[in-house]
A.B. asks: 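Take this structure, written in structure tokens, and hold onto it; I'll ask about it next.
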Amino acid sequence: MAKIQTPQAVRGTQDMFGETEERFAHVISTFERVRRLYGFKGLQLPVIEPTAVFSRSLGEATDVVSKEMYTFEDRGGDSITLRPEFTAGIARAYLTNGWQQHAPMKVTTHGPLFRYERPQKGRYRQFHQIDAEIIGAAEPQADVELLVMADQLLHELGINANDSGAVTLELNTLGDVASRDAWRAALVAYFNDHKAALSEDSIARLEKNPLRILDSKDMGDRAICEAAPLIDVYLSGEGQDFFGAVTAGLDAAGVAWTRNAKLVRGLDYYRHTAFEFTTDRLGAQGTVLGGGRYDGLIENLGGPATPAVGWAAGIERLAMLIDAPETDVVKVAVVVEHEVAMASALKAAKILRSNNIAVDFFATGSPRKRFDRATKSGAEGIVAFDRGPIEGTALMKVRADEGQPLAKKLSEVLEDFQ
RNA sequence: GCGACCGUAGCUCAGUUGGUUAGAGCGCUGGUUUGUGGUACCAGAGGUCGGGGGUUCAAGACCCCUCGGUCGCCCCA
């Protein structure tokens with residue numbers, strides 16, 4: 001028989017099992033727990049959306065829209081896109097379902113996102129994020145609540161800033177529309193004056209996304225950025241008040257933060273608050289959680305002017321930063337030492353499981369291996385079924401820890417492990 | 001899209017300046033010991049050395065192409 005080539009996973013996708021999966025699941029379950037502590041509702045959204053949802057809200061010129069989306073035509077001829085981020089889809093759902101009635105709406109979601117990029121450490125084509133948003137809230141307290149929740153989440157995952165220093169909250173403001181536009185114009189003027197010294201990448205950014213030059217990794221660019229104009233000079237009184245309220249709120253809640261006046265967001269719809277929790281432990285992928293205020297987005301999609309704030313965090317990146325969670329271990333290992341005991345063993349396993357006791361079942365391979373595997377499973381107790389004194393009957397033996405084997409009734413076993 | 005490094009059993013890796021039947025550990029299967037058993041020992045299965053082409057008397061080792069992986073640039077979580 002001719003060998004056929006074995007199928008491969010799509011580049012940039014992962015098959016998670018064992019510790020990798022446990023870390024992943026732990027991030028999500030912690031997030032689900034913490035989000036409830038802050039009164040956020042869950043949200044489940046489609047993975048596919050009409051392409052326009054993203055092209056209109058992110059901006060046609062952005063890298064995400066122009067070259068990173070998984071877009072295809074469905075059988076009806078409609079252009080469909082696999083979501084590259086959460087916010088646009090949430091905004092769409094908010095409009096199509098008339099969720100204005102619930103405003104201010106505090107929601108969270110999590111799941112897979114897709115971006116056609118070159119995979120590297122902490123970055124995949126199918127990746128996963130947890131996401132939190134408050135829609136319909138214009139006040140800075142919404143920004144604060146979101147940030148305090150993010151901080152607590154990181155803390156409960158064991159990777160927060162306050163003591164370990166693994167992650168730090170960098171905070172900036174982009175101001176309101178007028179402030180932001182004035183700052184942007186000043187930056188363009190400044191960088192144009194220094195165009196000759198800029199890197200090739202940054203000259204391109206000057207046209208497409210001048211704010212981005214501020215976090216260039218090029219050493220020459222960084223030197224030029226040192227003297228670049230800051231938002232503070234162009235920030236309106238209103239913008240100052242807003243930012244002041246956010247920082248005061250964080251201080252009141254005991255959340256550590258540092259000002260990074262060069263922090264910007266890649267997407268056009270951000271206003272006011274911009275923030276990132278960053279780490280130096282993930283190679284080139286320093287951002288673990290990022291977000292900001294996007295008061296302009298819902299209007300971009302044709303809805304009413306609706307203020308909103310939100311953040312998203314990469315589950316894979318968080319999973320790489322946490323300590324390995326304890327692996328789930330079954331409470332009882334049921335071992336079938338002789339075939340005549342099979343029926344009794346199956347029945348016992350079923351009863352134990354019905355009583356909410358986790359059971360693993362060992363009934364294949366040599367009797368010796370069965371017991372070995374049961375021992376290695378880490379179960380608290382082993383319930384073994386052997387041939388009984390009368391032909392065709394079963395004998396139950398219980399062994400917990402190092403003790404001598406005991407003959408027990410199943411009801412006693414239930415008591416032991418309940 | 002660009003760059004660097006890597007690709008030998010299921011897994012982690014050895015394989016000396018190219019030279020006889022390609023190895024180890026773990027895992028797996030069977031067995032022997034250990035008085036009911038997490039140990040130790042023995043044996044077995046499992047590889048067309050990512051794929052294709054080339055150089056050579058001889059290539060897992062050298063050259064080219066190709067596919068895959070990792071990391072970095074860009075961009076982002």
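Convention: sequence-line order gives letters A, B, ...; per-chain numbering from 1.
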A.B. asks: Determine which pairs satisfy salt bridge (Lys or Arg N to Asp or Glu O under 4.0 Å) with at least one residue from residues 319-341 of chain A, sequence neighbours left out, and list them in order.
C.D. replies: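 As it turns out, the salt bridge (Lys or Arg N to Asp or Glu O under 4.0 Å) pairs with a partner in residues 319-341 of chain A, which skip direct neighbours, are A:K331-A:E380, A:E337-A:K397, A:E339-A:R370.
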A.B. asks: Using both distances under 3.5 Å as the test, list the Watson-Crick or G-U wobble partner of B:U17, or none.
C.D. replies: none
A.B. asks: How long is the line joining CG of A:D15 and P of B:G69, in whole Å?
C.D. replies: 12 Å
A.B. asks: With a 3.5 angstrom cut-off on both distances, give the Watson-Crick or G-U wobble partner of B:G35, or none if there isn't one.
C.D. replies: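 Partner of B:G35: none.
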A.B. asks: Listing time: all N or O pairs from protein to nucleotides 74-77 of chain B that are below 3.5 Å?
C.D. replies:
unit_1, atom_1, unit_2, atom_2, d
B:C74, N4, A:R123, NH1, 2.5
B:C74, N4, A:R123, NH2, 2.4
B:C75, OP1, A:R205, NH1, 2.7
B:C75, OP2, A:R205, NH1, 2.1
B:C75, O2, A:E117, OE2, 2.8
B:C75, O2, A:R123, NH2, 2.4
B:C75, N3, A:R123, NH2, 2.4
B:C76, OP2, A:R212, NE, 2.5
B:C76, OP2, A:R212, NH1, 3.3
B:C76, OP2, A:R212, NH2, 3.1
B:C76, O3', A:R115, NH2, 3.0
B:C76, O2', A:R115, NH2, 2.3
B:C76, O2, A:R317, NH2, 3.2
B:A77, O4', A:Q129, NE2, 2.9
B:A77, O2', A:T287, O, 2.5
B:A77, O2', A:V288, O, 3.1
B:A77, O2', A:R317, NH1, 3.4
B:A77, N1, A:G122, O, 3.4
B:A77, N3, A:R317, NE, 3.3

A.B. asks: Tell me the interatomic distance from A:M320, atom CE, to B:U70, atom P, rounded to whole angstroms.
C.D. replies: 11 Å
A.B. asks: Determine the interatomic distance between C1' on B:U55 and the same-named atom on B:G15; round to the nearest Å.
C.D. replies: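 Their C1' atoms lie roughly 22 Å apart.
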A.B. asks: Testing the 3.5 Å rule here: is there a donor-acceptor pair between the side chains of A:H128 and A:E316?
C.D. replies: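 Yes, because at least one side-chain N or O of A:H128 sits under 3.5 Å from a partner of the opposite role on A:E316.
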A.B. asks: NA contact type, A:R373, heavy-atom cut-off 4.0 Å: base, sugar-phosphate, or nothing?
C.D. replies: sugar-phosphate
A.B. asks: Rounding to an integer number of Å, can you tell me how far A:H338 NE2 sits from B:U36 C1'?
C.D. replies: 16 Å
A.B. asks: Quick one: A:K376 NZ to B:C28 C1', roughly how many Å, whole number?
C.D. replies: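 From A:K376 NZ to B:C28 C1': 11 Å.
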A.B. asks: Do A:S377 and A:D360 pair up side chain to side chain, a donor and an acceptor below 3.5 Å, judged on atom types alone?
C.D. replies: no
A.B. asks: Might you confirm whether atom CG of A:N97 has over 12 heavy atoms from other residues, nucleotides or ligands at distances under 6.0 Å?
C.D. replies: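 Result for CG/A:N97: enclosed.
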A.B. asks: Would you say the side chains of A:D131 and A:T109 form a donor-acceptor pair under 3.5 Å?
C.D. replies: no
A.B. asks: Does a donor on one side chain and an acceptor on the other come within less than 3.5 Å for A:E276 and A:T287?
C.D. replies: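 Yes - a donor-acceptor pair under 3.5 Å links their side chains.
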A.B. asks: Provide the distance between the two P atoms, one in B:G18 and one in B:A9, to the nearest whole Å.
C.D. replies: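 Nearest-Å result for B:G18 against B:A9 at atom P: 23 Å.
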A.B. asks: Rounding to the closest angstrom, what is the interatomic distance between B:C28 and B:C11 at atom C1'?
C.D. replies: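 Going atom to atom, C1' in each nucleotide, I get 12 Å.
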A.B. asks: Can you tell me the pairing partner of B:U55 across any strand shown, Watson-Crick or G-U wobble, with both distances under 3.5 angstrom?
C.D. replies: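 In the structure as shown, B:U55 has no Watson-Crick or wobble partner.
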A.B. asks: Write down the distance separating the P atoms in B:C49 and B:C42, rounded off to the nearest Å.
C.D. replies: 30 Å
A.B. asks: In terms of ring plane angle, is the pair A:F275 and A:F277 parallel, tilted or perpendicular, where the classes change at 30° and 60°?
C.D. replies: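 If you compare the ring of A:F275 with that of A:F277, the planes turn out perpendicular.
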A.B. asks: Could you tell me if A:E133 and A:Y294 have a donor-acceptor pair between their side chains, going purely by distance under 3.5 Å?
C.D. replies: yes
A.B. asks: Pairing check on B:G46: which nucleotide meets the Watson-Crick or G-U wobble criteria with it, both distances under 3.5 Å?
C.D. replies: none
A.B. asks: Once you apply a heavy-atom cut-off of 4.0 Å, does A:E337 come out as touching a base, just sugar-phosphate, or nothing?
C.D. replies: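 If one applies the 4.0 Å heavy-atom cut-off, A:E337 turns out to touch a base.
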A.B. asks: Roughly how far apart, to the nearest Å, are B:A24 and B:A43 at atom P?
C.D. replies: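 These two P atoms come out 11 Å apart once rounded.
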A.B. asks: Quickly work out the A:D372 CG to B:C41 P distance and round it to whole Å.
C.D. replies: 15 Å
A.B. asks: Suppose you measure atom P in B:C65 against the same atom in B:C6; what distance do you get, rounded to whole Å?
C.D. replies: 16 Å
A.B. asks: For atom C1', what is the distance between B:A59 and B:C63, given to the nearest Å?
C.D. replies: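 My reading of the C1' atoms in B:A59 and B:C63 gives 12 Å.
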A.B. asks: With a 3.5 angstrom cut-off on both distances, give the Watson-Crick or G-U wobble partner of B:C73, or none if there isn't one.
C.D. replies: B:G1
A.B. asks: Can you tell me the distance, in whole Å, between the CD atom of A:E380 and the P atom of B:G38?
C.D. replies: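 The answer, rounded to whole Å, is 19 Å.
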A.B. asks: Taking atom C1' in both B:G30 and B:G69, what distance in whole Å separates the two?
C.D. replies: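 Roughly 36 Å separates the two C1' atoms.
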A.B. asks: Does B:G25 have a Watson-Crick or wobble mate here (both distances under 3.5 Å), and if so which one?
C.D. replies: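 Paired with B:G25, as far as the under-3.5 Å criterion goes, is B:C11.
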